[in-house]
Amino acid sequence: ARLDEGPFAGVGSIDLRHPFRDASPDAAGLPAVFDLLEERALPFQFHGLSQADPDFTARMLEIARERPALDLVWFGCPATVLNGDAPGGVPSNVHCAVLSDSIRDCPAPCAGIARDALDRSLLGTDVSPAAFSQWPPGESPTGFDSFEEAVMTARERLAALPEDVATELARGHLERVFP
């Protein structure tokens with residue numbers, strides 16, 4: 001009923017693989033959530049820090065293939081997903097929410113990232129400014145100790161890209177997934 005009362009941008013962000021949680025992508029309640037999101041053309045946003053768990057990565061990609069009408073916004077997606085070289089390929093409905101690892105650490109102007117990786121990326125952070133203070137200095141999972149540092153780094157990286165690529169990464173992808 002709450003979904004009918006106002007504009008929502010989907011369900012998120014669900015901690016499936018996170019330092020605080022290890023939940024199954026096949027949890028009993030998720031199919032009903034997926035059905036509702038597909039029906040309403042809303043994305044499923046989730047944490048999936050799965051670099052050390054190829055089975056989790058494979059299952060999430062399988063879910064994406066089973067549900068092509070469901071956009072998945074993956075916070076912490078592994079490099080194989082971002083770069084499109086996961087076994088079996090990466091479905092077009094999988095979007096990597098990147099800010100730190102993929103864009104922050106690449107040499108300007110992010111020459112190490114293939115254009116197809118940029119094409120499946122959403123630039124952003126899922127951590128609100130207030131949440132940064134919850135982590136001891138140097139231990140934030142985003143790699144930034146302040147919201148200002150995260151925003152300034154994103155701006156630096158966008159400024160290093162060709163203008164059309166930066167505009168598409170900063171706005172175009174986001175508007176397609178969150179109409």
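Hydrogens, waters and symmetry mates are skipped; everything else that's a heavy atom, side chains included, is used.
Nearest heavy atoms, V94 versus A64: CG2-CB, 3.5 Å. For the pair G84 and V90, the tightest heavy-atom approach, listed with the atom from each and the gap, is CA-CG2, 3.7 Å. Residue G89 comes nearest to R65 through the heavy atom pair O-NH2, 2.8 Å, listed as atom of the first residue, atom of the second, then distance. Looking at every heavy atom in both residues, D53 comes nearest to R17 through OD2-NE, 3.1 Å.
The main-chain N or O of Q45 is never found under 3.5 Å from a side-chain atom of W74 such that the two would form a donor-acceptor pair.
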Residues 23-33 side chain polar contacts: donor-acceptor under 3.5 Å, at least two apart:
residue : atom : partner : partner atom : Å
S24     : OG   : D26     : N            : 2.9
D26     : OD1  : R59     : NE           : 2.9
D26     : OD1  : R59     : NH2          : 2.7
D26     : OD2  : R59     : NE           : 3.0

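The closest side-chain heavy-atom distance from L70 to F44 is below 4.5 Å. Side-chain contact between L72 and H95 is absent, with no heavy-atom pair separated by less than 4.5 Å. You'll find the side chain of V81 reaches within 4.5 Å of the side chain of C96, heavy atoms only.
By the 30° and 60° cut-offs, the orientation of the rings of F75 relative to H47 is tilted.
Rounding to the nearest 0.5 angstrom, the gap separating the CG atom in L36 from the CG atom in L42 is 7.5 Å.
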Pair M60-L16, side-chain contact (heavy atoms from CB on, under 4.5 Å): steps then yes or no: CA-CA 10 Å; M60 290 310 302; L16 295 179; 4.0 Å; yes

